Amino acid sequence: MKTAKTLMAVGVASALTLLPACQNGNGSADNPLLQESTLPFGAPDFSKIQVADYMPAFQEAIAQTRQEIDQIANSTEAPTFKNTIVSYEESGQLLDRVSRIFFALTEADKTPELAEVEKQVMPLITELENDISFNKALFQRIKTVYDNEFASLQGEDRKLTEEVYKEFVRKGALLSDEKMARMKEINLAINDLQQQWGDLLPEATNDAVVWVDTKEELAGLTDADIAQCKQDAENLGGKKPYCIVIINTTQQPLLTSLDNRDLRRRVFEASVHRADGTGKHNTFSIVAQMARLRAEQAQLMGYENYASYSLEKTMAQNTDNAYAFLRNLIAAYNPKAEAETRAIEAYARRTEGPSFQLQPYDRFYYSAKMKKELLSISDDEVKPYFNVDSVLQNGVFYAANRVYGLTFKQRTDIPTYHPDMKTFEVFDRDGKSLALFYCDYFRRPTKRGGAWMDGFAKQSHQRQQKPIIFNVCNFAKAPEGQPSLLTWDDVTTMFHEFGHALHGMLSNCQYNYLSGTSVARDFVEMPSQFNESFASIPDIFDHYARHAETGQPMPAELKERMLKSINFQPCYALGENLAATCLDMAWHMLAIDQVPTAEKAADFETEALRQIGLLNPQIPPRYSTSYFNHIWGGGYAAGYYSYLWTEVLAVNIADVFAQRGALDPAVGQDFREKVLSRGNTLPLQQLFTSFTGMEQPDASALLKARGL
């Protein structure tokens, strides 16, 4: 997503983020984490939860989970779907609840105290996962049900049994004792490395800040941007009057406006080299070790490489299909990318002279100038119309109301983990309370980079649990008294993450294990990428694109120019994604003895891009190896291709909406019933086909949608 690390917690594939725990924590009698919340939906009561509560809560939850698993595994009753599969599905609920709260904070507001607790907690959870995954008595009962009862099961019961059995097999339940022991060691080692990564990368990104002495050096930025640089400098200790913070991607948004070329260079190089230098902020050792361990995991499971192991459970199914998809895109993209670069350099030479050599830190700057000259549009001209509150209320929520009949009421009585966070109760078209939705939009030093969706609770009829969903982003927060304005990319990010939120909120499944976003990576990004399409639909756009000071809608003439500019010079966005995708695949196609050393990691990246035809200094990867959090810290290893794969699905679905009525509630209801509500209860291709009528996705639609 544009989530936190994925963690298998007792029968539930959960995206988790751990919360802090101290040594002298509270006992169960007064520990709010160990009590059922009295808030609506069972929402976490952050007004009561203290750092000291977490460790004792984890200790109790882990012990309770072990007891529940032992009861299933050691039962003297003959294994049945109900006493084995359903019991497994229902186990670990306390651990799930505590983990979801804790890990939400370590991702979005990781204080040093939380980081210390995380170091203590993660080995305990990984050890528990190992003990469950390799519990022979438990697996034998699951296998017995799968072998003897599966054929007679129907619907979600059948799907749950299949998913649980296959998940155990994929984790190594059929391995020999020797290989099983080694797999346990690998799991613990990977956990430790991901913990190191999670501590090191945010620190490296924060320390990569570029300090600026004078306001004059920031020429080209708006007054609001300069004020933000001043505020960021104060927040980071005031070493100098101004600073430019580094966000998670390679290119930095302010490079479109900075007139000072040397400062542009400094910002770009700070971004690219944030985690590959000679100091303490070098992640290559972690990368090399993790790549080697993943290759060994795949080998133990009988696969040639980790990518083959990972893709088996996806829509792509195998590396041949994934690479065929990517190479077709690369072939169509490369000639256009070269032409786009030549055009930008030629434009720059008109003012800089015939010998000017375009550098990657120049590209955004001159592209923005070209766009302004050719299309008479600039980001500064449209940002006043993208007030964060209006985009949320009058855009994201309004579209959900028009399409799905949802309404949103802010709840100020439900505590949050940070003052910037807002909470809304979500109501269905019949007035029935459906979900809770939290949004945490502004960046801070304690928040990791990027944007994501997750939940404090997933929907489940079995558990009588309604969804409690949150979105987290890293938008710049304006100084006190000023409106926080978004770029167009920020706007689409908000719509994107809310698409994930809808996937969670509109889930209508019996079992937690199958509900909401519990689908393959190359399907989970489809609802989010599809939801981006509503941002530019005229009726929606006109409703939220209003001037932050006057409240007036964006003038028709400006709107026309702005919407035409969306696909101006589209090659960069596609190219940086393709390059990152191919880097991910290259690392995870390696056998154990092919993984480079830490010292050779940068060379491996260069050669991998050269071999696939994407070594283009003008269009570097969206994430370079040393700060590619999706694959080293998140759950997208050998799966980053899914953003492009699911974009195809999303474009195909958007075309169906356009044909049938983009804002027609009947179309929205059909999509909701056939796709968004289904979770992982049916084959994913079947979900796609049932709504679109297409037997296979049409990949050519992606290039057309991107203006290529």
Side-chain angles (χ1 to χ4, degrees), residues 1 3 6 11-15 85-86 89 150 153-164 166-167 313-317 400 403-406 426 428-430 432 434-435 437 453-455 457-469 498-531 533 642 645-646 648-650 652-654 656-657 660 665-697:
M1 306 179 187
T3 126
T6 298
V12 189
S14 301
I85 304 298
V86 175
E89 147 73 13
F150 177 72
L153 295 172
Q154 302 294 322
E156 289 192 45
D157 294 354
R158 182 183 177 94
K159 183 66 170 175
L160 178 64
T161 303
E162 178 183 27
E163 292 297 320
V164 168
K166 288 185 176 180
E167 185 69 21
K313 62 178 181 178
T314 66
M315 291 186 75
Q317 297 183 319
V403 179
Y404 306 111
L406 307 181
V426 186
D428 214 339
R429 58 166 43 93
D430 60 2
K432 183 179 179 181
L434 184 68
F437 173 66
M453 164 269 185
D454 213 319
K458 292 172 63 185
Q459 178 273 331
S460 167
H461 294 309
Q462 179 77 14
R463 299 184 179 184
Q464 298 182 322
Q465 176 64 58
K466 294 179 181 179
I468 308 174
I469 306 299
F498 193 74
H500 286 306
L502 287 169
H503 201 183
M505 292 189 294
L506 298 180
S507 177
N508 185 22
C509 302
Q510 180 69 16
Y511 300 113
N512 177 88
Y513 196 101
L514 302 174
S515 70
T517 57
S518 300
V519 296
R521 287 294 187 198
D522 57 3
F523 191 84
V524 76
E525 294 296 336
M526 179 277 291
S528 56
Q529 301 210 69
F530 162 66
N531 203 61
S533 66
S642 62
W645 185 279
T646 53
V648 171
L649 307 180
N652 292 166
I653 287 170
V656 173
F657 265 79
R660 295 174 56 186
V667 183
Q669 184 64 22
D670 193 37
F671 183 59
R672 175 177 174 175
E673 291 178 355
K674 292 179 177 177
V675 180
L676 294 181
S677 67
R678 296 290 185 147
N680 192 30
T681 60
L682 292 169
L684 301 178
Q685 179 65 48
Q686 182 178 330
L687 297 183
F688 173 79
T689 300
S690 68
F691 177 73
T692 64
M694 302 169 62
E695 291 299 322
Q696 294 295 329

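If you're wondering where the values come from, they're calculated on a predicted model, not measured in any experiment.
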- Query: Should Gln510 and Leu160 count as side-chain neighbours, where that means a heavy-atom distance under 4.5 Å?
  - Reply: no

- Item | Residue pair Ser528 / His503, side-chain heavy-atom distance below 4.5 Å | no

- Look up atom OG1 in Thr692 and atom CG in Leu687, then write down how far apart they are to the nearest 0.5 Å. 10.5 Å

Taking side chain to side chain donor-acceptor pair (under 3.5 Å) as the test, write out the residues that go with [X], two or more places apart.
X: Gln669; result: Arg429, Glu673
X: Thr646; result: Gln529
X: Gln686; result: none
X: Arg158; result: none

Return the set of residues passing side-chain contact (heavy atoms from CB on, under 4.5 Å) with [X] (not counting sequence neighbours), or none when no residue passes.
X: Gln685; answer: Met315, Phe688, Thr689, Gln696, Pro697
X: Ser460; answer: Gln462, Arg463, Asn512
X: Asp157; answer: Phe81, Leu153, Tyr511

- Note on the structure: Minimal heavy-atom distance between Cys509 and Gly679, with the atoms involved, is SG-N, 3.9 Å

- Task: Measure across Leu514 and Glu156 and return the closest heavy-atom pair with its distance rounded to 0.1 Å.
- Result: CD1-O, 3.8 Å

[X]: salt bridge (charged side-chain N to carboxylate O under 4.0 Å, His left out) partners, not counting sequence neighbours:
X: Asp670; value: Arg660, Lys674
X: Glu163; value: Lys159
X: Lys313; value: none

- Message: Could you work out, with ring pair (Phe, Tyr, Trp, His ring centres under 6.0 Å) as the rule, every residue matching Phe691, not counting sequence neighbours?
- Response: Phe657, Phe671

- Message: Using the side-chain hydrogen bond (donor to acceptor under 3.5 Å, both in side chains) definition, which of the options His461, Arg672, Gln459 pairs with Asn508?
- Response: His461

- Message: Can a side-chain donor-acceptor contact be found between Asp454 and His500 if the only test is distance below 3.5 angstrom?
- Response: no

